Amino acid sequence: MLDLNDIRRDPDRIRTALAKREIEIDFGELLSVDEDYRKNQQALEQSRAERKGISGQISQLRRAGESAAQEIEQLRSRSQAVGERIAERESRAGELSAARQSLLDALPNLPDDDVPAGGKDANQVLRVVGDRPDLDAPLDHVQLAEGLGLVDYKRGAKLGGNGSWIYTGVGAQLEWALLNYFVQTHLRDGYTFVLPPHLLTGDSGYAAGQFPKFAEDVYVVEEDEQGKPSKFLIPTSETALVSIHRDEILRAEELPRKYFAYSPCYRKEIGGYRTYERGTLRGHQFNKVEMFQFTRPEDSLAAHEEMLEKAEELMRGLGLHYRVSLLAAGDTSASMTKTFDVEAWIPSIGQYLEVSSVSNSRDYQARRARIRYRGPEGKPALVHTLNGSGLATSRLLPAVLEQNQQADGSVLVPEVLHAWAPARISPVATRTGH
RNA sequence: GGAGGAUUCGCCUAGUGGCCUAGGGCGCACGAUUGGAAAUCGUGUUGGGUUAACACCCUCAGGGGUUCAAAUCCCCUAUCCUCCGCCA
């Protein structure tokens, strides 16, 4: 949520910033609703003060004794009339504040100054790291995973339908090894390990920015009487992590708070599949380790760089060829001011695919979730929140398999995973001989 | 799923319709005292909103109701605790 005061003070500045996302916003309605709300609020508060005064007088007269009975009766009916006016203004206040809130909820975050304007096409590649593996006739990850007996796509679809798969044997080991590697690295860096609930409440969805705008992207398993989501399946650990400190005032000394979480991520992906996104590149459920920080406002830019570097370190540790992009404003998710994508090279499709997205929300999520800290003057001030995948494994496994495949059909497993997986995986048919 | 109980400031608690403008303790901050500290004493200490300001309004888990007036009475919901049932 944006700061309403900023919009009141300088709507043109906000409008210009949002234009970079290629959306045109007119604040006319918002500002006029806001003005009505405040006028009504003043009248309402005045009436409340009046009633309070009358009630106080009644209280005093009652103590004085029976003699004042008639006077009390007069005051009582006066107060009753005021009460009716209060009720009217309260219901008006409710309507106006709901209208104002829903206009405010629809506004995305302001892109940072250094974020390029425009849509996906305006994304900037910042750097390309490592060498493209030199492969003669590369197999794609589906052929590799099936040939090596790592993933069972057919039976996966039988169990969970389209967009589901089963990791089997060494495949499951490898997937878990990636997770272990990430966990180990984040623990080393002093991040706190979190395993969140997979069923989240509507409040958590609102705080992270899922609701009300992106409700159709997630699996809602329970709705309240108004048909609003009350329980939904975690679409990313970020949604859970934001809400850890929802409605809290943190002490300045305990910032930054650094967390990481593992959870499966459940997504409807209603956009549908692109034909090249076969195998485990896109599904309704995938594994991800997510990094998250709550920082003081002045520290969030440095924290953003730190988390990007951590994501890249994981990629380098795996020996993968990847690139880093700065997303254009239109491609940056609504809650974020700036996002870096780390994209792994997938040889079979000749493209780089996102395996990590590292974003700074600044105070946008914190304002929705009312996450504050004791600022310099001891007054509560909003924290900044940042999140970044570290990393999404289900999409990484294809990169690992394809980039490390050998001429004999085997795959060399990166050394950092050897504690939990074999160093080389050979095709099922030939494995019996060794 | 059933039956009871609970939810008041960072923590513990007082409070059964109007001197509650919510009291006390702990903790915390500042000050006094001290060579310095402990102890002691004093002062302050929930958030939020409207307003140029003075000031006012809201906030006792959340929502609704009764009343001139609600932390207090009634209803609904959430969460936690205890017991019963079921269960990995």
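Just so we're clear, the structure is a prediction, and the values are computed from it rather than from any experiment. To find a chain, count down the sequence lines: A is the first, B the second, and so on, and within it residues start at 1.
- Both distances falling under 3.5 Å, in either a Watson-Crick or a G-U wobble arrangement, place B:C73 opposite B:G65.
- Between A:Glu90 atom CD and B:U59 atom C1' the separation is 14 Å, expressed in whole Å.
- Taking 3.5 Å as the limit, the base of B:G49 and the side chain of A:Glu45 contain a donor-acceptor pair of atoms between them.
- Counting only N and O atoms by type, the side chains of A:Gln365 and A:Ser335 include no donor and acceptor under 3.5 Å apart.
- Nucleotide B:U34 forms a pair with no other nucleotide shown, judged by Watson-Crick or G-U wobble geometry with both contacts under 3.5 Å.
- To the nearest angstrom, C1' of B:A69 lies 12 Å from CG of A:Leu75.
- B:C57 and B:G2 have their P atoms separated by 44 Å, with the value rounded to a whole Å.
- Distance A:Arg38 CZ to B:C56 P: 21 Å, rounded to the nearest Å.
- Distances from the side chain of A:Ile249 to the nucleotides B:C68, B:G18, B:G47 place B:G47 closest.
- Nearest-nucleotide positions on RNA chain B for A:Lys231 and A:Arg100 put A:Arg100 closer to the 5' end.
- Taking both residues in full, the closest heavy atoms of A:Pro235 and A:Cys265 are given as O-CB, 3.1 Å, listed atom of the first, atom of the second, then distance.
- Both cation-pi conditions hold for A:Lys310 and A:Tyr191: the charged atom is under 6.0 angstrom from the six-membered ring centre and inside a 45 degree cone around its axis.
- Within the 4.0 angstrom heavy-atom criterion, only backbone atoms of the sugar-phosphate kind lie near A:Arg8; the bases stay farther away.
- Nucleotide B:C28 forms a Watson-Crick or G-U wobble pair with B:G44, both donor-acceptor distances falling under 3.5 Å.
- Rounded to whole Å, atom P of B:C19 lies 15 Å from atom CG of A:Leu61.
- Residues A:His245 and A:Leu250 are in side-chain contact: their nearest non-hydrogen atoms beyond the backbone lie under 4.5 Å apart.
- Separating the CZ atom of A:Arg251 from the P atom of B:U45 is a distance of 21 Å, rounded to the nearest angstrom.
- A 3.5 Å limit on both hydrogen-bonding distances identifies no Watson-Crick or G-U partner for B:A39.
- Taking atom CD of A:Gln57 as the reference point, atom C1' of B:C68 lies 11 Å away to the nearest angstrom.
- Between the side chains of A:Arg362 and A:Ser300, not a single donor N or O lies within less than 3.5 Å of an accepting N or O.
- Set against B:C68, B:G48, B:C58, the side chain of A:Pro380 has B:G48 as its closest nucleotide.
- For B:U21, there is no paired base (Watson-Crick or G-U wobble, both distances below 3.5 Å).
- A donor and an acceptor atom, one from each side chain of A:Ser410 and A:Arg424, are located under 3.5 Å apart.
- Counting any heavy atom pair closer than 4.0 Å across all strands shown, A:Arg89 reaches no nucleic acid atom.
- In this structure, A:Glu248 places its CD atom 15 Å from P of B:C9, rounding to the nearest Å.
- Across all strands, A:Arg78 comes closer than 4.0 Å to no nucleic acid atom at all (heavy-atom distances).
- When the nucleotides B:G47, B:A69, B:G18 are ranked by their closest atom to the side chain of A:Ser59, B:G18 comes out on top.
- Whole-Å rounding puts the A:Ile72 CD1 to B:U67 C1' distance at 14 Å.
- Judged by Watson-Crick or G-U wobble contacts below 3.5 Å, the nucleotide B:A3 has B:U82 as its partner.
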